[in-house]
Amino acid sequence: MEEILHEHCYVPDDYMEELHKWRCPDYYEENVHKMQLPFSSKLLSSAVPSEEKQERRQQQLRRLQELNARRREEKLQQDQERLERLLYVQELLEDGHVEQFHKALMELNMDSAEELQSYIHKLSMAVEQGRQRVLGDSIDSKPQTPETVGGETEDMEGISELEPLDSEEQMEPEKTMTSVQPMFNIAEYHQMYLGTERIRAPEVLFQPSLIGEDQAGLAETMQFVLDRYPQEVQQEMVQNVFLTGGNVMYPGIKARMEKELLQMRPFGSTFQVSLASHPVLDTWKGASDWAIQNLVTNEGWISRKDYEEMGGEYLKEHVASNSYTAIRLPKPAPRSAAPTNSQETETVPQSNTGAAPS
């Protein structure tokens, strides 16, 4: 995952425009990255002895025969239930229940008693044949070899679903390997293609909704902070936009932030975006510099006794610690002059039409 993020992902200037480019087949072929996954080119099937293959085929035939026998029994039971239903309808006519008979015919989607009689005759023959086949399966339970199957094609139904049987089982391993390898490149079947995923993963920084997070992105957060200060202060703040941390190592992150600032700032205003030289190590280097500058002071250090008593999660409060200090952010700067008359700011009841009453 880290290799994909740090070596293959990038941040485009315009996310939607970049997605549109990826729809072009030529652009896809030029920019798609292929990661080779580990694989083995050894053909294990060629090392299986012929005796083991023969035994495997016999086991498959036994399973198929058992499966087909269960299918015949289930079909026979269904046909018997169907036949009993039809005979019951026929008895209604013989007993003189004509109205119930016609109603049952409609449910069976039949038009006449002759059609019912013909269907009963065909179904009786099918039930009788099914009983004979089930009886034959119970008597002859000896598994058959492929040579003795003969015309019993029904027993071979579904043979491809279990395991394909090679017609040339006696082929030598060397011949099999030489005949298969030139047909395709096995390495191509073990590759991961990285297309739009290269831009969709880092785009979460700007659009957290892509992964279902109801949060603001970098640009929205920056706009939220700037709106809390007057225009003069905003202009000073945007002159020192500093990007640091591991997430700013994506190619194109600086250009994207400059474009976002260009869209949110007034026309003609200036700003400055700078990128840390070592974004990942900035935090460590800052703590290291502080420690070197405060070696001889007691402030900011914890003794071994306190550490052993309170554990590594304990933080000694000092100027560079995580101590909590309650602050209050200023309200958003007004975009227009506030009304001078206090009466104008009072709430006026609205009528049903939405206009204020005179």
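Residue indices begin at 1 and follow the sequence shown. Excluded from the calculations below are hydrogen atoms, water molecules and symmetry mates; all remaining heavy atoms, backbone and side chain alike, are included.
Cation-pi geometry between Arg228 and Phe224 is satisfied (NZ or CZ under 6.0 Å from the ring centre, within 45° of the ring normal).
Residues Phe206 and Val11 approach most closely at CE1-CG1, 3.9 Å, considering heavy atoms. Annotation for Ala201 and Cys9: closest pair CB-SG, 4.3 Å, computed over non-hydrogen atoms.
Interatomic distance, CG of Leu86 versus CG of Asp79, reported as 10.5 Å (0.5 Å rounding). Rounding to the nearest 0.5 angstrom, the gap separating the CE atom in Met257 from the CG atom in Leu243 is 5.5 Å. The CZ atom of Arg71 sits 8.5 Å away from atom CG of Leu64, with the distance rounded to the nearest 0.5 Å. Taking CG of Leu67 as the start and CZ of Arg72 as the end, the distance is 10.0 Å to the nearest 0.5 Å. To the nearest 0.5 Å, atoms OH (Tyr193) and OH (Tyr28) are separated by 7.0 Å. Between the CZ atom in Arg131 and the CG atom in Leu76 there is a gap of 6.5 Å [rounded to 0.5 Å].
Between the Gln77 side chain and the Glu74 main chain, no donor and acceptor come within less than 3.5 Å of each other. Listed for the Asp95 side chain is no donor-acceptor partner under 3.5 Å among the backbone atoms of His97. The closest donor-acceptor contact from the side chain of Gln234 to the backbone of Tyr229 lies under 3.5 Å. Side-chain atoms of Arg133 never come within 3.5 Å of backbone atoms of Glu73 as a donor-acceptor pair (strictly under, hydrogens ignored).
In this structure, Glu260 does not pair ionically with Arg265, as no charged nitrogen and carboxylate oxygen lie closer than 4.0 Å. Contact check on Glu81 versus Arg85 returns no salt bridge, with no Lys/Arg side-chain nitrogen under 4.0 Å from an Asp/Glu carboxylate oxygen. Checked for salt-bridge contact, Glu203 and Arg256 meet the test: a charged N lies under 4.0 Å from a carboxylate O.
Residues Val248 and Val225 share a hydrophobic cluster, clusters being chains of Ile/Leu/Val/Met/Phe/Trp/Tyr side chains in contact below 4.5 Å. Hydrophobic clustering of Ile, Leu, Val, Met, Phe, Trp and Tyr side chains at less than 4.5 Å, counting indirect connections, keeps Phe242 apart from Ile253. Placement of Phe267 and Leu261 in two distinct hydrophobic clusters is found when ILVMFWY residues are connected by side-chain heavy-atom separations under 4.5 Å, directly or transitively. Leu5 and Met249 are assigned to two separate hydrophobic clusters, defined by single-linkage of ILVMFWY side chains at heavy-atom distances under 4.5 Å. Residue Ile199 is not grouped with residue Leu205 when hydrophobic side chains (ILVMFWY) are merged at heavy-atom distances under 4.5 angstrom, including chains of intermediate members.
At least one side-chain heavy atom of Arg62 sits less than 4.5 Å from a side-chain heavy atom of Gln59. Counting only heavy atoms from C-beta outward, the side chains of Leu226 and Met264 approach each other to under 4.5 Å.
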Practice problem: Take Lys285 and Asp289, measure what salt bridge (Lys or Arg N to Asp or Glu O under 4.0 Å) needs, and give me the verdict at the end. | Solution: CA-CA 6 Å; Lys285 287 185 176 181; Asp289 294 342; over 6 Å; no
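Using a 30° and 60° split on the angle between ring planes, His190 and Phe39 fall in the parallel class, below 30°.
Other residues, nucleotides and ligands contribute more than 12 heavy atoms inside 6.0 Å of the CD atom of Glu308. The environment of Glu2 atom CD is sparse: at most 12 non-hydrogen atoms of other residues, nucleotides or ligands sit within 6.0 angstrom. A 6.0 Å sphere centred on NE2 of His20 holds no more than 12 heavy atoms belonging to other residues, nucleotides or ligands. Residue-environment remark: CE (Met237) exceeds the threshold of 12 foreign heavy atoms within 6.0 Å.
Looking at Gln36 and Gln191, their side chains do bring a donor and an acceptor atom within 3.5 Å of each other. Thr270 and Gln235 share a side-chain donor-acceptor pair at under 3.5 Å.
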Quick one: side chains of residues 111-130, donor-acceptor pairs under 3.5 Å with protein atoms, not counting sequence neighbours, listed by atom name and distance.
from   : atom 1 : to     : atom 2 : distance (Å)
Ser112 : OG     : Glu114 : OE1    : 3.4
Ser112 : OG     : Glu115 : N      : 3.4
Glu115 : OE1    : Asp111 : N      : 3.1
Gln117 : OE1    : Gln90  : NE2    : 2.4
Ser124 : OG     : Ile120 : O      : 2.7

